[in-house]
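Ligands are counted one by one from 1 in listed order, and the atoms in each one are counted from 1 as well. Remember, predicted model here, so these are calculated numbers, not experimental data.
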Amino acid sequence: MLCLVLLSQLAVSIAAPVSKCDLGKVDISGGNYTVDEKTDQVRYTCAEGKYPYPVSRRECLHNGQWTMATSKAVCRDIRCPSPMMFENGEYYPRKAAYHIGDVLSFECWGGFEIKGPENRTCQENGKWSGKTTVCEDFGGHCPNPGIPIGTTKVGSSYGVEDKVIYECKNGLEMFGSKVRECQENKRWSGAEPSCRDWYVFDTPEEVAEMFSSTLSASIEVADPDKKTTGDVDRKVRIKHGDPMNIFIILDASKSVGPKNFNTAKESSITFIEKVSSYDIEPRYAVISYASEGISIVRLSEEESLDPDAVSERLEEFRYSSHEDKRGTNTRAALALVNEMLVAQELKDNQNFLKIRNVILLMTDGKYNMGGDPRVEMKKIRELLDIGKRENPREDYLDVYVFGLGDDVSLNEMNDIASKKPNEEHTFLLQDIVSMKQAFEKMIDETDAMDMCGLNKAESDDENEKFPWIAKITIVRPDSREVCKGSILSEYFILTAAHCFHFDEDVEHIKVEIGGSGDLLKVKDFYRHPLYKPEGKKDKNVPKSFDYDVALLELKNKISYSSRVRPICIPCTKSSAWALRKKDPETKCVDHEKLLFSEELVKALFIAQEDKDMEQKDVRIKMGKKREDCLAASTKIPEFKDVADIRDAVTDQFLCTGGTEPVVDPPTCKGDSGGPLMVEYKNRYIQVGIISWGTVNHCDKFTRLKTPVPENSRDFHVSLFYALPWIKEIAKDELVYLPD
Ligand SMILES: *[C@@H]1O[C@H](CO)[C@@H](O)[C@H](O)[C@H]1NC(C)=O
Ligand SMILES: *[C@@H]1O[C@H](CO)[C@@H](O)[C@H](O)[C@H]1NC(C)=O
């Protein structure tokens, strides 16, 4: 082992420009290579399902030779590990090697119950699908911990304090715990081991799923409006205001290069954004390291509490700050973490042990200077009083390690990362781009369901993109009407009053959400009492849309999912979190100021284009800019006898449309009742209800392709005018802020 470390140090110090080595000698059969002048390396690529053998890259050495020059490179087939042992049952087929697409089937002997999948498939990345299959007889204090494919297990009694010990098949390296112990609480200590070859990577999808479920277990969403689910297996919930430190550590060593370093910065910013959507308020510290560690943001700074400021500082930090000191001193980075923690303890000894800590380490190599980082991790654990037998306090520290590429040491990564049952803390990704993708996909599936205005913006599924949209159909014996609405809560849909007749029979109203095709029944229908279309005849307004607001109360409770979620409504506690206005003194008017702070407010609505929902970006005209809207409205024939246009376009309408400064797409008939929204840091807040427009730019529900007329304007009832009434009808549904 020592020898290996020395070799890598040697390689770093004596690399020569790639031009010095003979490129004729590096080719790979069945694949391609790229030359990287910055790192003096060539890198091999193989088609999907194959990997470069014996190495994935070569470096040009000073003697004009490539590393590992003696063996010619070839692309080989990726294989999945073979089972080494299986207890209390059988598996088939038994083969010397398992290729991509092969299926392994498991069966248990009589008296044993199968847990986990019956069939597992060898996937393209060389990992078996699904979890470990176990044949269980429920005879122990702890459940049978199983034998992950590729491992052997010693130990088969599962009483309290009994241990099992795992080994990997020759040549494979272990992630997870080698030794696990059956604990009093019927769970095994540590994390399930897995064995992998150096060329086996996690896909961004796998990482997004594993990381977000593990992270949410440690961060735990405690949405203000959320009722507890009573899941016994959960960890202690973090409540609002519970303190947390998050350390982000970025590798800036030579092999990373400026481009990848920038992608790592972007990934970190995405991560910070995602954490902010979890409704907690951590302190961030950001560290970059090569031969030395540099603190980009320190824990002790006031700005460490402000995610935007942290992102900004990260953005500004340059790879070149490390100059030419480009070693990999992982220990120095962890030493900075330790130092910041020590300072925090000195400042407030009383509360120090109440703070939870999350460390995110991204690296593409193994340490080659500064000494073993594991030593520093041990110090951090001691400082946080973690790992004691009686009270291990493991909940107070989560260390995630993201390894990039095949130059990392799996062993070192695994030793640094946390090991917890049913959780993943060690991730190995092919490259930095895969990591960025993983972070982008990372929206928690299970725990953030009832958070308002949260979507999967990158999803191909329109219902995941706009999960709060309700499609409303009113089917009367003699007519049919289509409108939209938004999900306000588990029982209420917000929409426009003009979609309905005054004596509408609730039986005629059907609501569809999440694209399920199921039509939900409506229990009650509420219209704003001040909605009086005929009420301004004396002012020559043929139809008044003031207070064009309605609420539908559903017969049955909606169940939230990634395709069905509520929208954020201003002046509620849940939108206060979305708007990052967490100060308990925050009032409704503060939301209004924040959302409408400019003369042109960027907003959007959802339009039906044939079968598909499409996002349409518009600008709400405020202040002076709103005057144009009034002027444009005077030009329509319906208002020709209106003396004061303010009688038709009252203050309660938000105005979009027109062609200045850019063309705003107009709304169509079927869009009525849908939400006009403002996006604020990946969360969506409804500010208006689509009501009426000056120009019909649609043929039935199809948008015309002709240019948008100059005097086209759309008007939306401002939620700030509708709120007092919403509060009255749906008073127990949401927590509202004082005016
Ligand atoms: C190698 O490069 C060629 C030309 O760019 C491409 O057609 C081929 O698919 C590549 N092969 C692999 C295995 O990536
Ligand atoms: C597992 O595979 C076998 C054989 O291919 C098949 O008969 C069986 O239905 C599969 N089981 C499940 C649960 O998919």
Item to check | Test log, rule side-chain hydrogen bond (donor to acceptor under 3.5 Å, both in side chains), inputs D431 and S434 | outcome: CA-CA 6 Å; D431 49 35; S434 321; 2.7 Å; yes
Next on the checklist: Could you go through E507 and K521, starting from their C-alpha distance and side-chain angles, then the distance that decides it, and tell me whether this counts as salt bridge (charged side-chain N to carboxylate O under 4.0 Å, His left out)?
Outcome noted: CA-CA 7 Å; E507 295 284 326; K521 292 211 167 102; over 6 Å; no
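Remark: atom 2 (O) of ligand 2 lies closer than 4.0 Å to at least one protein heavy atom. Protein heavy atoms come within 4.0 Å of atom 14 (O) of ligand 2. Of the protein's heavy atoms, at least one falls inside 4.0 Å of atom 8 (C) of ligand 2.
When only non-hydrogen protein atoms are considered, atom 12 (C) of ligand 2 lies nearest to N119 ND2, 3.3 Å.
Residues T34 and V42 are not in side-chain contact: their nearest non-hydrogen atoms beyond the backbone lie 4.5 Å or more apart.
The pair K420-D398 meets the salt-bridge criterion, with a side-chain N (NZ, NE, NH1 or NH2) lying under 4.0 Å from an Asp/Glu carboxylate O.
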